[in-house]
Student: 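Quick one: this structure, given as structure tokens, is what I'll be asking you about.
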Amino acid sequence: MAVSKTHPAEAIAAAAAAGQRVFGENRVQEAAAKFPGLRERVPDLRLHLIGALQTNKAAEAVRIADVIESLDRPRLADAIARAAEAAGRLPGLLVQVNIGEEAQKAGVAPGEADAFIEACRERFGDALLGLMAIPPAEGDPAPLFARLAAIAARHGLRHLSMGMSGDFEAAIAAGATEIRVGSAIFGAR
Ligand SMILES: *Cc1c(COP(=O)(O)O)cnc(C)c1O
């Protein structure tokens, strides 16, 4: 995934012209401003939302996203379910796990992940694709990537979104099926 947050539509169009199809944005409003026009030019482009999602943005997120990667709490699951019913469309969903147990970071706590994943699977079925995590900026991410992979494996979830510009090699080694690369593609933000 090419993470295009803060970059203009023209930069995304250039990446699409080079063959890139999956893009990540962390703000619903920014994505909603940039992507409808891009989709007209590149119909098979795919948009993943990767930022912390407020419940009052769930309806817009459900309308525009192909995948929402930041499902991390029951109230957001409620809002997504309601919005999906109203919109008649349900994006793919990833449960975000706060794999480094950082106080300031979004994501379900690892100790609560099993129960939350089960509840999401009951509710969303096959739309629940897998897990996403952002490890702490400091320290070796490899054990945390392995921990995320282990949680996914025991739930039979195949999609693992982990790894960014600075740590994608370690994420791939640990089994990432999707890496989220921003600055290494588009330059500094
Ligand atoms: C911004 C962002 C990225 C990309 O980070 P880079 O270090 O620029 O590759 C990946 N994942 C999430 C959730 C992000 O917010």
Side-chain angles (χ1 to χ4, degrees), residues 1-12 14-16 18-35 38 45-55 57-58 60-62 64-73 76 80 91-110 113 116 120 128-142 144-149 151-152 157 159-189:
M1 175 203 309
V3 178
S4 49
K5 65 189 185 199
T6 77
H7 295 286
E10 282 324 305
I12 301 169
Q20 179 67 29
R21 285 297 177 271
V22 182
F23 293 89
E25 291 279 338
N26 68 338
R27 289 172 185 276
V28 175
Q29 262 153 335
E30 182 182 342
K34 292 194 291 194
F35 275 77
L38 285 162
L45 188 148
R46 292 182 58 80
L47 170 63
H48 291 213
L49 290 174
I50 58 175
L53 186 57
Q54 295 170 267
T55 52
K57 302 272 169 61
E60 181 78 4
V62 162
I64 65 170
D66 296 295
V67 179
I68 296 172
E69 301 206 358
S70 48
L71 173 54
D72 66 352
R73 58 197 190 279
L76 181 58
I80 288 172
L93 301 169
L94 302 187
V95 165
Q96 181 175 354
V97 181
N98 186 359
I99 202 70
E101 304 186 61
E102 295 171 277
Q104 78 285 7
K105 214 165 250 176
V108 62
F116 185 60
C120 288
L128 179 66
L129 304 175
L131 305 182
M132 183 272 242
I134 312 167
E138 307 293 317
D140 179 8
L144 298 175
F145 290 147
R147 192 177 183 194
L148 190 75
I151 299 171
L157 293 170
H159 192 103
L160 269 180
S161 171
M162 56 188 195
M164 319 198 323
S165 293
D167 58 11
F168 65 86
E169 293 98 335
I172 292 168
T177 60
E178 171 184 276
I179 57 172
R180 307 180 306 268
V181 178
S183 49
I185 294 173
F186 292 107
R189 286 183 291 275

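Just follow the structure's listing: the first ligand is 1, and inside any ligand the first atom is 1. One is the number of the first residue; the rest follow in order along the sequence.
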Student: What about Gly166: any of its N or O atoms under 3.5 Å from an N or O on ligand 1?
Tutor: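 No; every N/O pair is 3.5 Å or more apart.
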Student: Evaluating non-hydrogen atoms only, which member of Ile185, Ile50, Val181, Leu49 is closest to atom 12 (C) of ligand 1?
Tutor: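 Considering heavy atoms of Ile185, Ile50, Val181, Leu49, the nearest to atom 12 (C) of ligand 1 sits in Ile50.
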Student: Closest by any non-hydrogen atom to atom 14 (C) of ligand 1: pick that one out of Met132, Arg180, Lys5.
Tutor: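 Checking each option, the heavy atom nearest atom 14 (C) of ligand 1 is found in Lys5.
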Student: Please list the nearest protein heavy atom to atom 10 (C) of ligand 1 with its residue and the distance rounded to 0.1 Å.
Tutor: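 Protein heavy atom with the smallest distance to atom 10 (C) of ligand 1: Met164 SD, 3.2 Å.
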Student: Can an N or O of Arg189 be found at a distance shorter than 3.5 Å from an N or O of ligand 1?
Tutor: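 Arg189 vs ligand 1: N/O contact under 3.5 Å present.
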Student: Within the 4.0 Å heavy-atom shell around Ile134, which atoms of ligand 1 are there?
Tutor: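 Listed by number with element: 13 (C).
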Student: Are there over 12 heavy-atom neighbours, none belonging to Arg73, within less than 6.0 Å of that residue's CZ?
Tutor: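 Yes, because the 6.0 Å sphere around CZ of Arg73 holds more than 12 heavy atoms from other groups.
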Student: Before you tell me yes or no, could you show the steps for Glu25 and Phe35 under side chain to side chain contact (heavy atoms under 4.5 Å, CB included), namely the whole-Å CA-CA distance, both residues' side-chain angles and the distance that decides it to 0.1 Å?
Tutor: CA-CA 10 Å; Glu25 291 279 338; Phe35 275 77; 3.6 Å; yes
Student: Looking at Arg21 and Ala16, would you say the former's side chain and the latter's main chain have a donor-acceptor pair under 3.5 Å?
Tutor: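 Between the backbone of Ala16 and the side chain of Arg21 there is a qualifying donor-acceptor contact (under 3.5 Å).
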Student: Give the minimum heavy-atom separation between Ile68 and Ala61, together with the two atoms involved.
Tutor: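 Taking Ile68 first and Ala61 second, the nearest heavy atoms are CD1-CB, 4.0 Å.
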Student: Report yes or no: does Lys105 contribute a side-chain atom to a donor-acceptor pair with the main-chain N or O of Pro135 at less than 3.5 Å?
Tutor: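 At least one qualifying donor-acceptor pair exists.
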Student: Given 3.5 Å as the limit, does a donor-acceptor pair link the side chain of Thr177 with the main chain of Leu160, or not?
Tutor: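 Such a contact is found between Thr177 side chain and Leu160 backbone.
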Student: Identify the closest protein heavy atom to atom 6 (P) of ligand 1: which residue and atom is it, and at what distance?
Tutor: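 Going atom by atom, the protein heavy atom closest to atom 6 (P) of ligand 1 ends up being Ser165 OG, 3.5 Å.
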